[in-house]
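Keep in mind it's a predicted model, so treat the numbers as computed, not measured. Numbers for residues simply follow the sequence, beginning at 1.
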Amino acid sequence: MTPGEHPDGELSDLNIRRALVAAISRADRERAGQLLDYWAARHGYAAAYKDLLEPALKRIGRGINSERFSLAQAYVAAKVAEDMLTKSAGSFAQNSEQRTAKGPVVLGNAEEDFHALGRRMVATMLRSSGWVVCDLGNDVPAAEFVDKAIEIGARVIGVSAMTVTTALNIKEVRRELDARGLSGRIQLAVGGAVFLVADGLCDEVGGDGTAPDMLEAPHLFAELWARGERFEDAR
């Protein structure tokens with residue numbers, strides 16, 4: 001089936017959403033990819049992510065919490081998202097060479113957090129928008145975030161977490177920035193699925209800002225970078 005060919009003839013958008021969740025629940029990675037390709041051919045990869053894949057991932061995430069979906073199904077969902085990330089990265093990056101180069105930023109998962117997919121997707125969007133991304137990976141100690149930001153001259157640190165437990169570890173990054181007198185000058189962006197459902201969590205962990213999804217991440221980082229510059233100029 002070609003990317004623009006409908007997998008089942010004409011189906012409503014709602015039925016396509018349901019079909020994607022069903023494909024993932026059956027561990028049918030190929031079928032899920034076909035549905036996403038079809039949506040992307042009609043609406044673009046950004047819409048395929050925001051309007052189709054992201055709602056499916058949230059639904060599956062809720063299902064895992066209520067034990068309606070298994071961890072094996074969650075693994076398939078992650079692989080489907082990775083497949084789309086690989087395809088969409090080329091699409092998002094097509095115009096990156098024409099964009100103004102931006103400064104260095106630091107990314108990583110909070111200490112004890114190993115859910116890399118969201119962070120990788122944000123890194124892709126930031127790079128395609130001109131940012132120089134230093135990705136520290138999973139399970140990053142607070143001091144390492146701050147050390148690297150100082151080393152490369154980053155004004156923004158981005159920390160990702162999947163659960164409330166690991167998100168609370170971001171408090172240590174805030175404490176590290178405060179202890180070194182760097183709060184304000186270096187801004188702290190936080191993100192991950194848990195921030196979409198836990199009201200006030202960004203403030204609780206000491207974040208300077210968060211974004212609802214990877215598509216909004218470049219705007220958030222630009223806003224925080226400018227805020228850091230204003231803070232420095234005011235000193």
What about [X] and [Y], same hydrophobic cluster or not, with Ile/Leu/Val/Met/Phe/Trp/Tyr joined at side-chain heavy-atom distances under 4.5 Å?
{"X": "Leu168", "Y": "Phe145", "value": "yes"}
{"X": "Val106", "Y": "Val146", "value": "yes"}
{"X": "Val159", "Y": "Trp225", "value": "no"}

Please tell me if the side chains of Gln187 and Glu223 come closer than 4.5 Å, counting only heavy atoms from C-beta onward.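 In short, these two side chains do not touch, never coming nearer than 4.5 Å.
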Answer whether the closest heavy-atom distance between the side chains of Met121 and Tyr49 falls below 4.5 Å. yes
Hey, could you give me the [atom1]/[atom2] distance between [X] and [Y], rounded to the nearest 0.5 Å?
{"X": "Ile157", "Y": "Leu107", "atom1": "CD1", "atom2": "CG", "value": "10.0 Å"}
{"X": "His115", "Y": "Asn109", "atom1": "NE2", "atom2": "CG", "value": "9.0 Å"}
{"X": "Asp113", "Y": "Arg119", "atom1": "CG", "atom2": "CZ", "value": "9.0 Å"}
{"X": "Arg29", "Y": "Gln34", "atom1": "CZ", "atom2": "CD", "value": "13.5 Å"}
{"X": "Asn169", "Y": "Glu112", "atom1": "CG", "atom2": "CD", "value": "5.0 Å"}
{"X": "Met125", "Y": "Arg120", "atom1": "CE", "atom2": "CZ", "value": "15.0 Å"}

How would you list, by chain and number, every residue that makes a side-chain hydrogen bond (donor to acceptor under 3.5 Å, both in side chains) with Asp203, sequence neighbours excluded? none
Just to verify, what does Glu172 make a side-chain hydrogen bond (donor to acceptor under 3.5 Å, both in side chains) with, not counting sequence neighbours? Arg175
Please say whether more than 12 non-hydrogen atoms of neighbouring residues, nucleotides or ligands are located less than 6.0 Å from [atom1] in [X].
{"X": "Asp233", "atom1": "CG", "value": "yes"}
{"X": "His43", "atom1": "NE2", "value": "yes"}
{"X": "Arg227", "atom1": "CZ", "value": "yes"}

Only one of Leu35, Leu36, Asp51 forms a side chain to side chain contact (heavy atoms under 4.5 Å, CB included) with Ile16, so which one is it?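 Answer after filtering Leu35, Leu36, Asp51: Leu35.
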Set out, in order, the CA-CA distance, both residues' side-chain angles and the distance that settles salt bridge (Lys or Arg N to Asp or Glu O under 4.0 Å) for Arg42 and Asp37, then state yes or no. CA-CA 9 Å; Arg42 290 198 299 167; Asp37 283 342; over 6 Å; no
Salt bridge Asp135-Lys148, side-chain N to carboxylate O under 4.0 Å: no
Asp178 and Lys171 ion-paired at < 4.0 Å: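 No salt bridge links Asp178 with Lys171.
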Could you tell me whether the side chain of Lys102 and the main chain of Ser129 form a donor-acceptor pair under 3.5 Å? yes
